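The structure displayed is predicted, hence computed values, not measured ones. Residue numbers run from 1 in the order of the sequence given.
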Amino acid sequence: MMRCPLLLSLCLLGFSCGSTPEPSTTDDTVVRYAERANQAFGRGRMDEAVRAFEQGLQRARETDDSQSIGDAAYNLGVCRFQLGEVTEATELFREALYELDRAGDSRADVFVMLAKASAFLGDPEGADALAVAVELDPRSNPTSQHLAEIAVLRGETLLEASDWSGAEIHLKQARDLATRAKDPWVEANVLGLSARLHLQRSDWEKAAIDFDNRAELLRTIGQYGAMVVSLEGAGAAWANAGAS
């Protein structure tokens with residue numbers, strides 16, 4: 001999911017970003033740091049991956065390569081977000097947004113991440129404005145995956161506000177987009193929203209089925225931590241279904 005062409009697909013947060021971009025730099029040092037970060041991430045060594053991305057970002061800043069700065073800032077921001085450092089991640093995403101605009105590259109990935117960060121930080125209005133930017137910004141160029149993620153995010157925001165009918169509308173949009181995207185992580189996110197909507201309506205069996213199906217999708221792409229969370233949700237929902 002990360003912009004860096006050398007990084008493994010990151011599907012931990014639901015930020016799938018479509019096709020992998022072409023290599024964005026010829027600077028050997030930046031490439032080496034990206035490779036090191038890629039390997040560390042693939043082995044679950046997040047601290048090591050963060051250090052390598054930090055070093056790559058610093059080198060990219062030194063060379064004033066806007067594409068490399070944007071990619072490295074985005075990658076580091078996603079790692080920071082995953083570690084719960086959302087404020088720090090937001091600053092990196094804003095740097096990435098500026099640099100990718102300077103490079104003339106698509107900014108859809110960054111808008112999606114910023115929208116999720118705003119929602120996480122309790123700013124639904126800001127998240128919605130960024131979601132609109134995914135669709136309308138002239139430098140966004142969103143894929144079906146980006147749009148599906150935004151539909152899920154909007155559905156979750158409305159669910160938090162107890163607007164079930166609004167959440168249902170965005171769930172339908174997300175399902176339609178996920179069918180086009182054909183991305184298992186996007187499909188898993190859609191199932192997560194569907195399960196939470198069923199929970200709000202005390203429809204335990206449907207929620208349990210969605211959680212089970214989500215867990216299976218997550219298993220197929222190796223996202224075992226998220227898979228465990230879904231299985232726990234399924235277990236609780238099946239328990240409630242049996243008690244009702």
Side-chain angles (χ1 to χ4, degrees), residues 1-4 7-17 37-38 40-41 44-58 60-61 69-101 106-135 137 140 142 145-161 167 170 174 185-186 188-190 192-193 196 218 223-230 233:
M1 133 83 195
M2 292 212 175
R3 298 188 58 84
C4 176
L7 190 72
L8 296 174
S9 176
L10 173 61
C11 297
L12 297 177
L13 302 169
F15 310 137
S16 181
C17 62
N38 182 28
F41 179 82
R45 299 174 181 170
M46 184 59 68
D47 290 343
E48 186 178 331
V50 166
R51 285 195 299 272
F53 274 131
E54 287 175 335
Q55 291 169 317
L57 177 57
Q58 182 58 39
R61 288 168 176 162
I69 296 170
D71 289 346
Y74 175 84
N75 289 331
L76 180 57
V78 172
C79 291
R80 292 289 187 200
F81 193 110
Q82 183 184 338
L83 292 169
E85 300 167 2
V86 182
T87 300
E88 295 85 345
T90 298
E91 292 303 312
L92 288 161
F93 294 142
R94 294 201 179 281
E95 180 179 10
L97 200 67
Y98 171 79
E99 294 295 342
L100 293 173
D101 182 54
S106 170
R107 306 196 296 173
D109 299 341
V110 190
F111 279 130
V112 170
M113 291 297 297
L114 278 169
K116 289 179 175 288
S118 292
F120 186 92
L121 293 171
D123 182 11
E125 292 81 9
D128 192 63
L130 288 159
V132 171
V134 173
E135 299 172 334
D137 185 272
S140 180
Q145 292 154 305
H146 291 120
L147 297 175
E149 289 295 337
I150 287 303
V152 170
L153 177 62
R154 284 173 159 165
E156 290 174 343
T157 300
L158 290 171
L159 198 58
E160 288 292 323
H170 287 294
W185 179 249
V186 172
N189 285 337
V190 173
L193 174 58
R196 287 187 288 277
L218 293 168
Q223 300 308 315
Y224 302 115
M227 179 191 74
V228 169
V229 174
S230 282

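Checked against R80 for a salt bridge (charged side-chain N to carboxylate O under 4.0 Å, His left out), the options E88, E54, E91 give a single hit: E54.
Pairing each heavy atom of A115 with each of I150, the nearest pair is CB-CD1, 4.2 Å. The shortest heavy-atom contact between A72 and G56 is CB-C, 4.4 Å. The two atoms that bring A89 and G77 nearest to each other are CB-O, 3.2 Å, heavy atoms only. The heavy-atom pair separating L218 from A188 by the smallest distance is CD2-CB, 4.0 Å. Taking each heavy atom of A127 and A119 in turn, the nearest pair found is CB-N, 3.8 Å. Minimum heavy-atom separation, P142 to A108: CA-CB, 4.0 Å.
Note that CG of L147 and OG of S140 are 8.0 Å apart. Values are rounded to the nearest 0.5 Å. Note that CD of Q145 is 11.5 Å distant from CG of N189, once rounded to the nearest 0.5 Å. In this structure, the separation between CG on D109 and CZ on R107 is 12.0 Å, given to the nearest 0.5 Å. Annotation: the span from L158 atom CG to L153 atom CG amounts to 9.5 Å, rounded to 0.5 Å. Interatomic distance, CG of L76 versus CG of L92, reported as 4.5 Å (0.5 Å rounding). The OG1 atom of T87 lies 9.0 Å from the CZ atom of F120; values are rounded to the nearest 0.5 Å.
In this structure the side chain of F93 reaches within 4.5 angstrom of the side chain of V78, judged on heavy atoms. Under the 4.5 Å side-chain criterion, counting only non-hydrogen atoms from C-beta, T157 is not in contact with D128.
The ring pair (Phe, Tyr, Trp, His ring centres under 6.0 Å) check on Y98 picks up nothing, with sequence neighbours excluded. For R61, the side-chain hydrogen bond (donor to acceptor under 3.5 Å, both in side chains) partners two or more places apart in sequence, or in a different chain, are E95.
E160 has no carboxylate O lying under 4.0 Å from a charged side-chain N of R196, or vice versa, which leaves the two without a salt bridge. Between K116 and E149 a salt bridge is recorded (basic side-chain N to carboxylate O distance below 4.0 Å).
Side chain of N75 to main chain of D71: a donor-acceptor pair is present (N/O by atom type, distance under 3.5 Å, no hydrogens or angles).
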